Amino acid sequence: MTEAPILIVGGGPAGASAAATLAEAGLPVLLVEQRDQLGGAIHRQPANGAGDHVWRPARHRRTWAALTARLRACAGMIEIRTQTVFLGVDGAGRFLFDDRRAGRVFASRPRAAIVAVGAIETIRPFPGWELPGVMTAGGAQVLLKETGRPPEGPILIAGSGPLLPALAAQLAKAGNPPVAVLERGRPWRPGTLARLALAGGPMGEAVAYAAALALGRVPYRCGALVTRAEPDGAGLAVGIRAGADERVLRVRHLLIHDGIEPNRAGIPLPAPEAAVPVLLAGDGREALGADAALLDGRRAALQLLARLGTGTAELAALESGLERARRVQAALAQALGSKPMVPAPETLICRCEGRSYADLQALADDASVREIRLMGRFGLGACQGRFCGPMIAALRGRPVPAASPPRWPLRPVSVAALARLSTDETE
């Protein structure tokens, strides 16, 4: 029997940082990633060998190059399995994975586990958000990074958050600048930029995005929001409101985004003192951005090393860096804050089951998660509430109670793959 590895779920900046830290300390690591390459959303690599022609800040390119160099330097200690999906933990405490490349499920008993599965996007729903031609800004950015080609036709970006100008700048440099960026908040209010700068926000990156928008002649409108979208031939007629002014824009694509939340659907609760310690890392633990994810991955790895008897004095410095990231996120939230808009009754909330805001309002205010699911039929579809759950929580003004215990599997798995279940050499 070989030594059981430390399991890392997720090959983004947090997972890769944790894997490199543990391997450099001499511990074997099993790193699983559902995509065919490491990188996560922020460092998504081109698909099918396509050239990487998407503009991104030099800082992000340098940090990912340095991290991948660390992974290569300790490759003998890291087993990387891509196209492999974490399914859950069985009754015997074995971690189950769907190896999509081999078409089989395998089980592993790790020495410890760090789950770094990133964040999910959130949106504020409006009539028509589910139509063809409407997609999240993060999804559009991933497609741009994988293909190197922007969507064809007029594009409108709307919602709130720093991803909006970042994506608009990338689209502009890729040859199809958006017709406009609609930011619901008002970040140019007096004192806002000063608070961001004092909190340590990446102002140089913000200036680079602003310059790209100016060169591409992309309007950036604050206090503006989308009220509805309707089919319009091969495109969309999008109603927008800015103060008392209302108008309609006709576009081919509408990209929406209202921030991110940790991806915690069905993830094992952190159990650092258990027989098999489980820790969370990166945006899946706390959504603090790509730079903080690197620190958080290393923090989780050092916490495991400390539990295994290797003391470290670096944890305090890492916590200080994470606290700075929290201040930046708090300053951004204050800068971009806006009053929620009550959706129209016909607004779709659960896309999988076709349930509207009127259906949600018909439920009791104190409805449990079981009642929301079984009586309201919210979260019963393919995504199992991953997308509509944050929307329901925001509309109700409080978190939706989580189902306990987590429902496995986290992702669909074929019967054929389950029939080929195998265990690793640590069994």
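Hydrogens, waters and symmetry mates play no part in the numbers below; they use all other heavy atoms, side chains included. For this chain, numbers begin at 1 and follow the sequence in order. All values derive from a computational prediction rather than experimental measurement.
Taking the side chain as every heavy atom from C-beta outward, Leu360 and Leu395 approach each other to under 4.5 Å. Residues Arg326 and Leu288 meet the side-chain proximity criterion, which asks for heavy atoms closer than 4.5 Å. Between Glu346 and Arg228 there is a side-chain heavy-atom pair separated by less than 4.5 Å. Counting only heavy atoms from C-beta outward, the side chains of Val29 and Ile80 never approach each other to under 4.5 Å. Ile256 has its side chain within reach of Leu254: a pair of non-hydrogen atoms, C-beta onward, lies under 4.5 Å apart. The shortest distance between side-chain heavy atoms of Val89 and Leu96 does not fall below 4.5 Å. Annotation: side chain of Leu318 is in contact with side chain of Leu302 (closest heavy-atom distance under 4.5 Å). Leu308 places a side-chain heavy atom less than 4.5 Å from the side chain of Arg111.
Residues Ser108 and Leu30 come closest through the heavy atom pair OG-CD2, 4.2 Å. In this structure, Ala20 and Leu67 approach most closely via the heavy-atom pair CB-CD1, 4.4 Å. Counting all heavy atoms, side chain and backbone alike, Cys74 lies closest to Ala23 at SG-CB, 3.5 Å. The two atoms that bring Leu38 and Gln45 nearest to each other are O-CG, 3.6 Å, heavy atoms only. Nearest heavy atoms, Ala112 versus Val276: CA-CG1, 4.0 Å. Contact detail for Arg396 and Ala367: the closest heavy-atom pair is NH2-O, 3.2 Å.
Annotation: Met341, atom CE; neighbour count of heavy atoms from other residues, nucleotides and ligands within 6.0 Å is above 12. Counting heavy atoms of neighbouring residues, nucleotides and ligands inside a 6.0 Å radius, atom CZ of Arg307 exceeds 12 of them.
Under the 30°/60° scheme for interplanar angles, the aromatic rings of His60 and His43 are found to stand perpendicular.
Judged by distance alone, with hydrogens and angles left aside, the side-chain atoms of Lys145 form a donor-acceptor pair with the main-chain N or O of Ile42 at under 3.5 Å. Between the side chain of Ser338 and the backbone N or O of Gly185 there is no donor-acceptor pair closer than 3.5 Å. Glu121 contributes a side-chain N or O that, together with a main-chain N or O of Gly138, makes up a donor-acceptor pair within less than 3.5 Å. With Glu33 contributing its side chain and Arg35 its backbone, the two residues share a donor-acceptor pair below 3.5 Å. Side chain of Arg61 to backbone of Arg56: a donor-acceptor contact under 3.5 angstrom is found.
Atom CG of Leu322 sits about 7.5 Å away from atom CD of Glu286, to the nearest 0.5 Å. Arg104 CZ to Asp98 CG: the interatomic distance, rounded to the nearest 0.5 Å, is 10.0 Å. If you take OG1 on Thr347 and CZ on Arg124, they are separated by 13.5 Å, rounding to the nearest 0.5 Å. Separation of atoms CZ (Phe378) and CD1 (Ile392) is listed at 5.5 Å; rounding is to 0.5 Å. Here OG1 of Thr82 is found 6.5 Å from CG of Asp36. Values are rounded to the nearest 0.5 Å. How far CD of Gln303 is from CG of Leu315: 6.0 Å, rounded to the nearest 0.5 Å.
Side chains of Thr21 and Arg298: a donor-acceptor N/O pair is present below 3.5 angstrom, by distance only. When only modelled atom types and interatomic distance are considered, Arg100 and Thr84 share no side-chain donor-acceptor pair under 3.5 Å. Thr122 and Glu261 form no side-chain donor-acceptor contact under 3.5 Å, judged by distance and modelled atom types alone.
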Side-chain polar contacts of residues 156-173 - donor-acceptor pairs under 3.5 angstrom, sequence neighbours left out - could you list them?
from, atom 1, to, atom 2, distance (Å)
Ser160, OG, Glu183, OE2, 2.7
Gln170, OE1, Gln141, NE2, 2.8
Gln170, NE2, Trp55, O, 2.9

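Remark: Asp99 pairs with no residue by the salt bridge (Lys or Arg N to Asp or Glu O under 4.0 Å) rule, at least two apart or across chains. For Asp283, there are no salt bridge (Lys or Arg N to Asp or Glu O under 4.0 Å) partners at least two apart in sequence or on another chain. Qualifying side-chain contact (heavy atoms from CB on, under 4.5 Å) partners for Arg351, counting only residues two or more places apart in sequence or in other chains: Trp129, Glu130, Leu348, Phe387. Scanning for ring pair (Phe, Tyr, Trp, His ring centres under 6.0 Å) contacts around His253 gives an empty result, with sequence neighbours left out. Judged as a salt bridge (Lys or Arg N to Asp or Glu O under 4.0 Å), and not counting sequence neighbours, the contacts of Glu24 are Arg70.
Ion pairing between Arg324 and Glu319 fails under the 4.0 Å rule for side-chain N and carboxylate O. Between Glu371 and Arg373, none of the side-chain N atoms (NZ, or NE/NH1/NH2) sits under 4.0 Å from a carboxylate O, so this pair counts as no salt bridge.
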Yes or no on side chain to side chain contact (heavy atoms under 4.5 Å, CB included) for Thr227 and Phe126, after CA distance, side-chain angles and deciding distance?
CA-CA 6 Å; Thr227 58; Phe126 53 86; over 6 Å; no
Decide side chain to side chain contact (heavy atoms under 4.5 Å, CB included) for Tyr357 and Val342; before the verdict, give the C-alpha distance in whole Å, the side-chain angles of both, and the deciding distance to 0.1 Å.
CA-CA 9 Å; Tyr357 183 56; Val342 177; 3.8 Å; yes
I would like to know whether Ile8 and Leu22 meet side chain to side chain contact (heavy atoms under 4.5 Å, CB included); could you show each step before the answer?
CA-CA 10 Å; Ile8 311 291; Leu22 292 166; 3.9 Å; yes
For the pair Arg420 and Val105, evaluate side chain to side chain contact (heavy atoms under 4.5 Å, CB included) and give the outcome as yes or no after the intermediate values.
CA-CA 6 Å; Arg420 300 179 63 192; Val105 171; over 6 Å; no
Where do Arg184 and Asp258 land on the salt bridge (charged side-chain N to carboxylate O under 4.0 Å, His left out) test, with the steps shown first?
CA-CA 9 Å; Arg184 182 181 287 105; Asp258 284 288; 2.4 Å; yes
Go through Glu146 and Arg44 one step at a time and tell me if the salt bridge (charged side-chain N to carboxylate O under 4.0 Å, His left out) criterion holds.
CA-CA 7 Å; Glu146 288 194 345; Arg44 185 62 53 91; 3.3 Å; yes
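For the pair Arg81 and Phe106, the cation-pi test (distance below 6.0 Å, angle within 45°) is passed.
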